[in-house]
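Some notes on the structure that comes next.
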Amino acid sequence: MARDYLDSALEWLNDYTGDNKNLLAIGGAGAVLLLGSIYILPNGKDRHRLTGGGIKADRVKQEFNDYADAYGKEAGAGITDRTKTGQLVDTFYNLVTDIYEWGWGLSFHFSPRLPGKSWAASEAAHESRLAAILQLLPGKKCLDVGCGVGGPMRTIASTSGAEVTGITINQYQVQRAEHHNKKMGVQELCKPVQGDFLKMPFKDNSFDAAYAIEATCHAAKLEEVYGEIQRVLKPGGLFASYEWVATKHYDENNPEHVKIIDEINFGNGLPEMRTYKQAEEAGKIAGLELVMSIDIATASSVAGPWYNRLGWLMKSHIITFNSTMVWILARLHLAPAGMEDVHTMLVRVAKSLCDGGSTGVFSPMHLLVFKKPASPGKDQVANHVSA
Ligand SMILES: C=C(CC[C@@H](C)[C@H]1CC[C@H]2C3=CC[C@H]4[C@H](C)[C@@H](O)CC[C@]4(C)[C@H]3CC[C@]12C)C(C)C
Ligand SMILES: C[S@@+](CC[C@H](N)C(=O)[O-])C[C@H]1O[C@@H](n2cnc3c(N)ncnc32)[C@H](O)[C@@H]1O
């Protein structure tokens with residue numbers, strides 16, 4: 001609520017001041033003092049705090065440095081030791097979860113902007129599309145692979161009436177998801193659990209459907225997470241995923257493209273980036289039938305680009321404002337030392353994501369829909385799949 005007021009106030013201020021940078025600077029300084037406490041502290045009766053999630057405050061800086069060191073310096077390197085991917089992704093979400101909730105909201109993904117609709121409405125529609133594709137209804141059991149703090153889970157369970165179990169590698173996110181589920185009264189339908197989506201604590205053939213929103217990109221091997229999803233789905237069950245991919249416009253021999261993708265990988269805890277073709281192939285290797293493959297980022301000729309929400313945060317100086325807030329909080333010991341480094345990484349990645357979107361080389365929402373065959377063929381791998 002407080003964030004909505006602040007966003008509108010800054011949008012107005014930006015339009016009003018136009019090119020008058022002095023007025024904007026004075027306004028900005030005043031806004032830091034006057035609105036800062038409103039922005040960072042109350043969120044209804046909830047309060048935003050910038051913590052290191054499950055990492056103790058005095059370890060945040062070191063954990064961030066270790067995270068940064070895990071990425072190779074060579075172009076296209078990604079995470080050097082892929083066996084450490086799960087652990088690094090867990091660290092990444094300890095470091096960013098509070099900043100995401102504070103500066104973005106409870107759904108950790110992008111969406112195209114629908115004409116005449118707010119970002120919040122566009123986000124909910126993007127989530128509900130999956131409920132429709134998966135034909136979710138009351139009584140159905142659905143799995144959310146990489147559920148974050150449960151924004152999509154709450155939308156999908158409440159629009160469809162289905163029961164949604166979410167899995168996240170990060171214990172702090174389970175705590176946050178439980179907190180929000182209870183606050184919103186959806187805890188009967190939404191169950192977050194901590195676990196690795198490469199070794200899920202669920203029985204074979206236990207879910208009617210499954211979805212993943214901008215999450216399976218964290219797997220060291222895509223075919224392994226798809227293999228696990230194949231295992232826990234009932235025969236005939238559908239799985240839908242918004243995948244982070246390099247599009248057909250990506251050229252691995254273009255250094256600019258490679259740089260954009262490297263920065264996206266580093267700022268988002270990804271081991272590497274796959275092409276949409278590799279993602280399609282990974283599903284087939286895992287024994288799933290490909291039902292649909294379409295890039296939602298470019299599918300509609302009337303929806304606005306997904307990256308405009310980030311672009312607007314940069315243009316309206318909200319991100320600069322946030323950097324100042326994080327700096328002040330760290331100086332006052334209200335945020336752990338090292339939070340500025342985490343925030344700086346996010347500021348950089350905001351630009352890379354916009355560059356990836358505007359050049360068309362990257363999409364965070366290539367929709368893949370797969371079906372588990374009613375009776376898997378002998379040549380298809382039913383359980384754990386390794387490339
Ligand atoms: C799917 C993933 C996350 C997608 C997005 C939810 C996040 C990607 C980049 C994030 C952000 C960048 C800039 C931040 C800004 C500097 C800060 O002041 C406020 C939060 C940001 C806007 C933040 C919000 C979430 C993202 C948009 C990945 C991880 C696979
Ligand atoms: C960008 S967030 C998206 C969260 C959620 N789908 C949403 O849209 O709000 C990615 C999620 O994937 C989860 N994740 C990444 N690797 C995982 C793994 N190996 N096992 C379980 N969850 C994982 C993260 O913990 C995080 O919750």
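Counting starts at 1 for both ligands and their atoms, in listed order. Numbers here are sequence positions counted from 1.
Of the listed options F108, Y211, Y242, Y93, Y93 places a heavy atom closest to atom 10 (C) of ligand 2.
The main-chain N or O of G269 is found under 3.5 Å from a side-chain atom of H218 such that the two form a donor-acceptor pair. With hydrogens and angles disregarded, no donor-acceptor distance shorter than 3.5 Å links the side chain of K141 to the backbone of F207. Checked by atom type and distance alone, the side chain of E228 never pairs as donor or acceptor with a backbone atom of F197 at under 3.5 Å.
Residue-ligand proximity, P152 to ligand 2, at heavy-atom distances under 4.0 Å covers atoms 7 (C), 8 (O), 9 (O). Atom numbering of ligand 2 starts at 1 in the shown order; those under 4.0 Å from a heavy atom of S107 are 9 (O). Heavy-atom proximity to Q173, at under 4.0 Å, picks out these atoms of ligand 2: 24 (C), 25 (O), 26 (C), 27 (O).
For P192 against E178, the heavy-atom pair with the smallest separation is CG-CG, 3.8 Å.
Close N/O approach between H218 and ligand 2 is not found [any backbone or side-chain N/O within under 3.5 Å]. Checked against a 3.5 angstrom limit, the closest N/O atoms of G146 and ligand 2 fall inside it. For G148, a nitrogen or oxygen atom sits less than 3.5 Å from a nitrogen or oxygen atom of ligand 2, counting backbone and side chain alike. Considering backbone and side-chain N/O of F197, one or more are found under 3.5 Å from N/O of ligand 2.
Distance screen at 4.0 Å: atom 21 (C) of ligand 1 has no protein heavy-atom neighbour inside the cut-off.
Residue N268 touches ligand 1 through backbone and side chain together, judged by heavy-atom distances below 4.0 Å. Contacts between I213 and ligand 2 below 4.0 angstrom, taking non-hydrogen atoms only, involve backbone and side chain alike. Counting heavy atoms closer than 4.0 Å to ligand 2, residue C147 contributes backbone atoms (N, CA, C, O) but none from C-beta onward.
Residues H126 and H109 place their aromatic rings such that the two centres sit under 6.0 Å apart. Ring-centre distance between Y172 and Y93: not below the 6.0 Å cut-off.
Ranking protein heavy atoms by distance to atom 22 (N) of ligand 2, first place goes to I169 N, 3.1 Å. When only non-hydrogen protein atoms are considered, atom 19 (N) of ligand 2 lies nearest to D196 OD1, 2.9 Å.
The closest approach between a heavy atom of R309 and any atom of ligand 1 is not below 4.0 Å. In this structure, Y93 is part of the shell of residues with a heavy atom less than 4.0 angstrom from ligand 1.
When each of N205, D208, D204 is paired with K234, the side-chain hydrogen bond (donor to acceptor under 3.5 Å, both in side chains) condition holds for D208 and for no other.
Enclosure of atom CZ in R348 is not indicated, since only 12 or fewer non-hydrogen atoms of other residues, nucleotides or ligands lie within 6.0 angstrom. Heavy atoms from other residues, nucleotides or ligands lying under 6.0 Å from NZ of K203 number 12 at most.
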